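See below for the structure under consideration.
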Amino acid sequence: MQGELFSAASAIASADPTGEVFDASYTIQGQVEMLALHADGRDQLLVKGAGTEHSFAGRRQGDFLLCPADHQNRLAINALLPYTNPTAIGRDMPSFGLGDRLGLANYAHLLSVKGRTLVPVLAQQSKRELNLTHRTYADVLDAAVWAVVKAGWRSGFGADGDHLKNVEDIQNALALGYSMITLDCSEKLHQPPTDSAARQAAYEQLPADVRHRYEKRYVGLTIPSLGLSFTDEVVKSIAIGYHDAIELAKTVYFTCIRSAGRPVDLELSLDETTFTTSPEAHYFVAQELEEAGVVINSMAPRFVGEFQKGIDYIGDLSAFAVHLQKHTAIADHFGYKISVHSGSDKFSVFSSVGEITGCRVHVKTAGTSWLEAVRVIAQQEPALYRELHRNALKHLDQARAYYVVHADVSRIRPLDNLQDAELPSYLDENDARQLLHITYGFQLEDPILHQKLFDALELHRKAYECCLQKHIARHLDGIGFQKDTNR
Ligand SMILES: [Zn+2]
């Protein structure tokens, strides 16, 4: 009886001041009934009718089993409910990446996405983020799946092994069920020397047969419909810049993606580098991959201007629009999506992104969900905010080794000059945002701060959800991901 499960869950949740029953999570599958709730400071699943063939583990309470939202129970629910497993999204469906560094944000993310024509990519962490947060790919996926369960989300979601650079890490993410791999080519990208003799010498490092093929294929090629023309110099520069990345993509595709035994979305990331991806370079890479039989789902070029973490776009908006237009035309030509990385808070370019791509695009965000957590702490727990702020200042220089940002400490108002009520205003200033953004690993590494942070976010769980839902909705509205009444 559905009613019994709801009354039992309410009784358990009501003992916790921040307790809640997630009505949308109610599911019946065969003889098994399930309902998610928050009690005793954590997410749990109340299950009725699970037999020994199901591998749920929890505490017996009369007819029910009260199960922690942990890894083992996540696997049990994955086995029972196919829609709780991540799936490949393909080339046509719009998608949006929602990285969740703390493992607390994906539920609110789903509330933002609900009713819109796009597929969320919930588990999305780079190796850098895993290292800095001391989490594993399994932990990240656990959190995403529990968010799916709580929200009763049945419309599919992706899980992105983000910015992976080698076969071993990719195999690991795939073995855990990740449905998308973002291949980070940054270590294989080489900025061509500006000096022509040095450039020629770099070019001649490539094997002769490769050079001859590239020259024969591309020198003198013009594609007026895409506005592309390849001179001898252009071809040499692209070959120097991208040959190794193309080879890496082939290796990864043939050793990992194609042999995964299920559809996997492969994204090629050319963005984490200092040099802009020219439309010619994009076309060249895509053409080489297509000829080799490599199928990618999306491509992240490095655009003109700067996509720094946690703040708006820096650069000329119309130049960006022209650049995006050219890259989108190339992506359309080959049939995949353009991917925009570091999409957090890029409010001034969102409408161009939506209009130019017709929303057939992938956009990634992550840091902004962490910053909204810091905003809630600034609003609700001023003393803790002050500790975090001081700790961030202490570690900023170390954090710059991981992220390129312009944050200028001298422009951040001294903490002691601000009243408690003014603290949230730091979250509206670029320098302070970047300070708080890139130092997350150092906040989480300190065991005492880590505990205080999670305790505060548990206490203010609803406030965090509310802030986050609104903030992500601003992103989605800006791009133009409309609400679809049929979903
Ligand atoms: Zn990136």
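Both ligands and their constituent atoms are indexed starting at 1 by order of listing. Keep in mind that this is a model prediction, so the values were computed, not measured.
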*Is the Tyr283 to Phe334 ring centre distance short of 6.0 Å?*
yes

*Listed protein N/O/S atoms, distance to the Zn ion (ligand 1) under 2.8 Å*: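 Near the Zn ion (ligand 1), the protein supplies His163 NE2, Asp271 OD2, His341 ND1.
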
Decide whether a cation-pi geometry holds between [X] and [Y]; the criteria are a distance under 6.0 Å from NZ or CZ to the six-membered ring centre and an angle within 45° of the ring axis.
X	Y	value
Lys346	Tyr313	no
Arg101	Tyr440	yes
Arg474	Phe347	yes

*Does NZ in Lys309 sit with more than 12 non-hydrogen atoms of other residues, nucleotides or ligands closer than 6.0 Å?*
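Counting other residues, nucleotides and ligands, NZ of Lys309 exceeds 12 neighbours.
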
*asked:* I'd like to check the salt bridge (Lys or Arg N to Asp or Glu O under 4.0 Å) partners of Asp271; sequence neighbours left out, ordered by chain and number.
replied: none

